[in-house]
Amino acid sequence: MNILATLRNRFGRALGALGVAESETPELLAMVLPSQDAKFGDYQANVAMPLGKRLGQPPREIAAELVRLADVADLCEPLEIAGPGFINLRLRDDWLAQQVTVASVDVERVGVAQTATPRTFVLDYSSPNVAKPMHVGHIRSTVIGDALYRILRFLGHRTISDNHLGDWGTQFGMIIYGYKHFVDRPALARKPVDELTRLYKLVNTLVEYHETANEKIPAVEKRIADGEQLLAKLRDAAMPADAKAAKQAAKRVRQLDGQLSELRSDLDELLGEVAAVEDDPPMRQLAVEHADIGQRVLLETALLHGGDPTNVELWRQFLPACLLEIETVYKRLGVSFDHTLGESFYQDRLRGVVKDLADKGLARESDGAICVFLDGYDVPMIVQKQDGAFLYATTDLATIQYRMREWHPDAILYVVDHRQSLHFDQLFTAARLWGYRDVELQHIAFGTVLGDDGKPFKTRSGTSVGLAGLLDEAVERAYAIVSQNDAARPEPLLSEEDRRHVAERIGIGAIKYADLAHNRTSDYVFSYDKMLAMTGNTATYMQYSYARVRSIFAKAGADAHSLERAGASPPPRVTSAPHGGEDAPARSNAILLSTPQERALAVALLQFSEALDRVVADYRPNHLTGYLFELATRYSDFFENCPVLRAESDELRMSRLLLCDLTARTLQQGLNLLGIEVVERM
RNA sequence: GCGCCCGUAGCUCAGCUGGAUAGAGCAGCGGACUUCUAAUCCGCAGGUCGCAGGUUCGAAUCCUGCCGGGCGCGCCA
């Protein structure tokens, strides 16, 4: 059941009867919306105001006409016109009761219909570099992508998830170099993943050391010197005469000052990095011995790309261990993919891509590189470097070509950091020029995860936070909270094993939910305390709400089983209005809406479908978290005001049990679509 | 310099293709546990939606300019 879609459908007909052109109706029907304030009813139609202008009639008159034409008497109370021409709709209690009763026996889909217009979506998310440990930056892509995948699939779309691994880049050159110079063979045989990680980190540290010492530090020093010079010049300059120019000059000085202090703190950080190596004698020794490590890593990478048998064999040998590592994280997150076609998969297609682009006149040589020049962009998209190597733009184009040929999608969604938006703009523009015009290409951009200080989330030492450690920490904190709360009960509910199990689900859920609940386009501040809070819009609160509902069934005992049976049966024939005429006794499995709280809960339950539509409209899972919070709030209100097991009659008791059951299943389904598990007790 | 994103309560954030009196949580104040999980709930207080114009029946939302912040800008991904 989708109330909004039903109402729009009815108003569409009314608009037709009013003589509105069919081409204009979709835009107008978008103005039929849920009310923001309950005193205006459940829904409102705001179409009369814009129509007033077009038809040259007072909006209130048009509203009155629409009220006459709209055939909604079966589901709405008599329509009301308010203000300049708002039409307020209040749903009939008997209709609501009937609809929610039907939803309550829908075991599979809690009343959400599948889309009438299924599309094929390819979703590209997570895409970590293998060989590097996954870090905090991979959470958002993985979690948002997985949620969108689950939601689209639930709505009946064809979905294909493809983890576009970085499995062919410089990080393998590093591992290969590390293997050739530093490998500890027994360790590699014993724990390959750990040893490869150690090699990667070691080589990476050495490469960075040289880069920092030889390039970054001098560059920053030069910028500081230039800045200081400019600042001195600005300060010496005579104050401009007119006020505006003086203000501008002052601002310039202020900005420059800020930039300089930022640069100085950058410099300190870089000097610290260098010192860390130099103060460690063995590392210092290695740094001296491997002075040209940066170049030699690139060489190893080039050899790999060129098909060098030794390096290709090493790559083959190392890849499974690296995959195992990330697979562990995915398993814990409950994320899986239909395909995992990494960059390496496309390597033998790249030459053909560049040739085809050149043949079609889209790419040409410039400064020794092959570039695609696009209107409206200052910089071209480079598809082949001077030295002949290909770039990620090339791989991405090859990937689009492959996906289009293989899966014929209607849309390809890339869940990737917003910093890559220029790349995707260019990629999509190029792809369309290349001939892929009938596919929706979307960069599902998201912001950065920040620490408490408002800067990108890092450890004290400045390295990025490992994803595995992050999950551990959340689960550990969840365990402490679970244990503390359970121990404080007169009679603890949970065994030690239960507590561990619950903590895992709460900890992982908290991280995912916090991420999904934020509007994806903005940065968000990562805080364990906030995400594990029991109040507010958190996974923990949602899981708690679920557990509270379920506890009623635990108390109800055998009733739960009979209810499940009732739920599994076909929809009941609703023979009576909820308030029940004497000659039509309410059936035992019909829902009655005897209080405002029950009614509000029923409306919320029926709006699940609308929430999912909103998510899909612009690929924002936070609309679903917002909905679940609203639902949980409504349930809480109901829980406080409507006794279930001690309801005044058997009919009411059964009705409320049905509402509870549907609430639990809707919460569970909603959380499941976000990749979050529930617990029966907590 | 050019481009993209952002600016909403003390803090962290919502605000659903422009709708009626801008909402949550935290923090603050005051209430509710012999009653289905109080890890909860209810009430109070808290706002020039960065600033200034414009578009219109109506603007936090759309347009322009300014102020403030983040990110990106040829051979990394």
Side-chain angles (χ1 to χ4, degrees), chain A residues 27 30-31 33-37 39-40 44 46 49-50 52-53 59 82-86 88 127 129 166 169-171 251 343 366-371 376-387 389 391-393 395-396 416-423 425 445 447-448 450 454 481-482 484-486 488-489 493 517-519 521-525 527 529-530 532-538 540-541 543-545 547-556 610-611 613-615 617-618 620 622-623 625-627 629-630 633 636-637 639-646 656 660 681-682:
Chain A
E27 182 197 342
M31 292 177 214
L33 292 165
S35 291
Q36 304 209 344
D37 191 323
K39 78 169 180 243
F40 300 128
Q44 57 181 285
N46 305 331
M49 284 80 79
K53 188 101 183 180
F86 294 107
N88 292 332
S127 309
N129 274 327
T170 312
Q171 76 276 18
K251 184 186 151 194
E343 291 173 341
S366 166
D367 289 338
I370 310 292
C371 300
Y377 296 93
D378 293 338
V379 291
M381 193 169 76
I382 299 178
V383 291
Q384 187 167 20
K385 300 202 285 184
Q386 286 175 332
D387 64 7
L391 294 104
Y392 76 134
T395 313
D396 281 353
V416 180
D417 195 319
H418 75 279
R419 282 174 295 199
Q420 295 196 32
S421 59
L422 175 62
H423 166 67
D425 285 349
T448 310
L450 307 176
I481 295 169
V482 167
Q484 193 190 327
N485 286 315
D486 196 45
R489 289 191 171 108
L493 291 168
H518 286 82
N519 186 328
T521 54
S522 42
D523 295 347
Y524 89 97
V525 176
S527 157
D529 289 336
K530 287 213 169 77
L532 286 165
M534 263 316 302
T535 51
N537 192 10
T538 65
T540 320
Y541 177 69
Q543 287 163 325
Y544 178 69
S545 300
R548 281 213 299 187
V549 187
R550 297 297 300 162
S551 81
I552 290 178
F553 289 94
K555 280 271 189 330
E610 293 171 29
D613 287 347
R614 250 176 279 142
V615 170
D618 50 4
R620 287 178 197 271
N622 66 308
H623 286 136
T625 61
Y627 165 78
F629 184 50
E630 170 80 15
T633 305
S636 189
D637 209 13
F639 181 83
E640 297 284 325
N641 291 284
C642 306
V644 177
L645 298 178
R646 279 167 290 110
R656 288 180 177 168
C660 287
R681 290 181 302 171
M682 62 187 277

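Residue numbers start from 1 in every chain, and the chains themselves are labelled A, B, ... in the order their sequence lines are given, proteins ahead of strands.
One N or O on the side chain of Arg656(A) and one on the backbone of Pro643(A) form a donor-acceptor pair closer than 3.5 Å. Between the side chain of Thr538(A) and the main chain of Ala533(A), a donor-acceptor pair closer than 3.5 Å is present. The main-chain N or O of Ser551(A) is never found under 3.5 Å from a side-chain atom of Arg681(A) such that the two would form a donor-acceptor pair. Side chain of Asp367(A) to main chain of Ala369(A): no donor-acceptor pair is present (N/O by atom type, distance under 3.5 Å, no hydrogens or angles). In this structure, the side chain of Asn46(A) does not engage the main chain of Phe86(A) through any donor-acceptor pair within 3.5 Å.
Using atom P as the reference point in both rU37(B) and rG25(B), the two lie 23 Å apart (nearest Å). When the C1' atom is compared between rA14(B) and rA22(B), the two are found 11 Å apart, to the nearest whole Å. Across rA27(B) and rA45(B), the matching C1' atoms stand 13 Å from one another, rounded to whole Å. Rounded to whole Å, the separation between the C1' atoms of rG43(B) and rC62(B) comes to 39 Å. For the C1' atoms, the distance linking rG15(B) with rA24(B) amounts to 10 Å, nearest Å. Remark: the separation of the C1' atoms in rG65(B) and rG10(B) is 31 Å, to the nearest Å.
rC71(B) is paired with rG3(B) under the Watson-Crick or G-U wobble criterion, all donor-acceptor distances under 3.5 Å. For rU17(B), there is no paired base (Watson-Crick or G-U wobble, both distances below 3.5 Å). Pair check for rA52(B) finds rU64(B); Watson-Crick or G-U wobble, both atom distances under 3.5 Å. With a cut-off of 3.5 Å on both Watson-Crick or G-U wobble distances, the partner of rA9(B) is given as none. In this structure, rU40(B) and rA32(B) make a Watson-Crick or G-U wobble pair, each of the two defining distances being under 3.5 angstrom.
Here Phe86(A) does not count as stacked on rG19(B), because the ring centres are not under 5.5 angstrom apart with planes under 30°.
Nucleic acid contact class of Glu343(A) (heavy atoms, under 4.0 Å, all strands): sugar-phosphate only. Backbone-only engagement by Val525(A) is indicated by non-hydrogen atom pairs under 4.0 Å involving sugar-phosphate atoms exclusively.
With distances taken from any side-chain atom of Ser636(A) to the nucleotides rC16(B), rG74(B), rU40(B), the minimum falls on rU40(B).
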Under 3.5 Å, which protein N or O atoms sit close to an N or O of nucleotides 55-59 of chain B? Give each pair with its distance.
{"residue": "rC57(B)", "atom": "OP1", "partner": "Lys53(A)", "partner atom": "NZ", "Å": "2.8"}
{"residue": "rC57(B)", "atom": "OP2", "partner": "Lys53(A)", "partner atom": "NZ", "Å": "3.1"}

Dump the pairs, protein N or O against N or O of nucleotides 21-23 of chain B, anything under 3.5 Å, distances to one decimal.
{"residue": "rU21(B)", "atom": "N3", "partner": "Lys39(A)", "partner atom": "NZ", "Å": "3.3"}
{"residue": "rU21(B)", "atom": "O4", "partner": "Lys39(A)", "partner atom": "NZ", "Å": "2.6"}

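Here rC71(B) presents its C1' atom at 9 Å from CG of Asp417(A), a figure rounded to the nearest Å.
rC51(B) has its base anti relative to the sugar, with a glycosidic angle deviating from 0 by more than 90°.
Judged by the 6.0 Å distance and 45° axis criteria, Arg548(A) is positioned over the aromatic ring of Phe639(A).
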